[in-house]
Protein chains: 2
Amino acid sequence: MPKVIDHDQRRREIIDATWGLIVRGGFEAATMREIAAEAGFANGALKHYFPGKDEIIEGAFQRALERTSEHVAERVADRQGVDALWAYVTSAMPMDAEAGEAARILLSFWEHGLANERLREIYQGHLDRWHSSLEALIAQCRADGAIRSATPDVDLAKELILMNMGATAMSVIGPQFATPAMLQRQIDEFFARLTRP
Amino acid sequence: MPKVIDHDQRRREIIDATWGLIVRGGFEAATMREIAAEAGFANGALKHYFPGKDEIIEGAFQRALERTSEHVAERVADRQGVDALWAYVTSAMPMDAEAGEAARILLSFWEHGLANERLREIYQGHLDRWHSSLEALIAQCRADGAIRSATPDVDLAKELILMNMGATAMSVIGPQFATPAMLQRQIDEFFARLTRP
């Protein structure tokens with residue numbers, strides 16, 4: 001019986017290895033040679049699973065975005081109204097080790113993606129979906145009477161994304177400016193503002 | 001009479017050329033070959049002015065930080081109290097083309113600096129000086145009775161830096177989330193909070 005190779009499983013292993021290299025050493029550390037060594041593949045074997053390095057990097061980026069989205073969805077679960085919005089906003093902030101790792105990856109992709117049209121598109125799609133989810137939650141809170149701010153929902157959703165991005169950047173490059181306590185206060189201030197007319 | 005070479009001038013030209021390459025194509029575009037071509041030097045001539053690429057990159061980073069600091073100092077000038085704090089905070093935000101260029105450079109350095117101890121140290125020093133300046137301005141405003149927030153000065157200064165970093169990141173990677181109008185509202189909200197007990 002011929003050996004069955006699970007291609008999807010191998011691709012996940014390659015992406016996980018790439019993720020680990022980027023977390024530890026940034027994009028420069030993720031060479032094809034290092035990825036192959038880290039994943040336990042012979043040099044040159046990666047090409048059976050990915051056409052080239054660009055596709056591996058793209059896969060690692062997609063994985064980073066999916067991990068964030070899954071983490072948020074788990075924490076929101078079946079909450080409703082302000083409770084759901086609060087869980088959404090809080091769980092997206094880089095306040096634990098796993099989120100810190102995702103922030104490190106994201107920062108590398110921001111830089112790398114600026115010169116790569118495909119990565120830019122993937123990220124813009126992610127930002128758009130994120131913005132739509134937040135806007136829908138905010139609209140629901142407003143319908144419930146829990147939001148009285150004069151700022152339009154579309155802008156409140158953008159502000160939350162802006163807040164999250166600042167926290168993400170600083171959790172990596174200047175963590176003393178983005179401690180969990182500071183990020184929590186920032187979220188609390190935002191929610192206090194929502195109820196002010 | 002021997003030809004006089006102005007070494008400092010040449011070094012500035014090399015750093016400017018490097019800056020331009022990073023703005024247009026990120027770190028990956030700033031190879032020694034490209035830097036030499038952009039600055040109008042023969043291949044290999046750069047070594048008369050800098051020991052290696054690391055020192056050129058370091059020079060470009062220092063220049064980016066200096067440009068930001070000089071821009072802020074010009075706008076604050078001889079203002080006092082809340083007026084000075086407002087000018088400081090506003091002028092550091094990426095709300096014009098020059099600041100947008102500096103933001104692009106900074107994003108590249110964040111990523112690159114994570115794996116480079118010397119760049120990390122330079123940036124931490126910059127953040128510390130920035131934090132001290134803000135804290136001193138905030139303390140002056142509080143002494144004048146213009147700040148009534150219960151949040152300690154040291155934390156208000158950190159929040160301003162966090163706000164700025166988010167705006168910097170988003171002005172490059174998702175400018176629709178960091179329009180001048182949004183950034184202005186964020187600043188206005190912050191100042192409104194300062195006067196609330």
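Throughout, protein chains are lettered first and strands after them, A, B, ... in sequence-line order, and every chain is numbered starting at 1. If you're wondering where the values come from, they're calculated on a predicted model, not measured in any experiment.
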Aromatic plane relationship, B:Y49 with B:H7 - under 30° parallel, 30 to 60° tilted, over 60° perpendicular: tilted

Structural part of B:T151 lying under 4.5 Å from a heavy atom of chain A: side chain

Region of A:Q124 that comes under 4.5 Å of a non-hydrogen atom in chain B: side chain

Under 4.5 Å from any heavy atom of chain A - which part of B:R24: neither

Pairing of A:E189 and B:R196 as salt bridge, 4.0 angstrom limit: no

Salt bridge B:D54-B:R118, side-chain N to carboxylate O under 4.0 Å: no

Residue selection (most heavy-atom pairs with chain B, distance under 4.5 Å) from A:G25, A:A169, A:G174, A:S108: A:S108

Positive for salt bridge (Lys or Arg N to Asp or Glu O under 4.0 Å) with B:D16, one of B:R11, B:R63, B:R10: B:R63

Under 4.5 Å from any heavy atom of chain B - which part of A:F177: both

Close side-chain approach of B:N116 and B:I57, heavy atoms under 4.5 Å: no

Presence of salt bridge, A:R104 and B:E111, under 4.0 angstrom: yes

Chain A interface, residue from B:Q176, B:R193, B:R120 that has the most non-hydrogen pairs under 4.5 Å: B:R193

Residue, of B:A167, B:G166, B:A192, that accumulates the most heavy atom pairs under 4.5 Å with chain A: B:G166

For chain A, the option from B:Q186, B:H131, B:M170 that forms the most heavy-atom pairs under 4.5 Å: B:M170

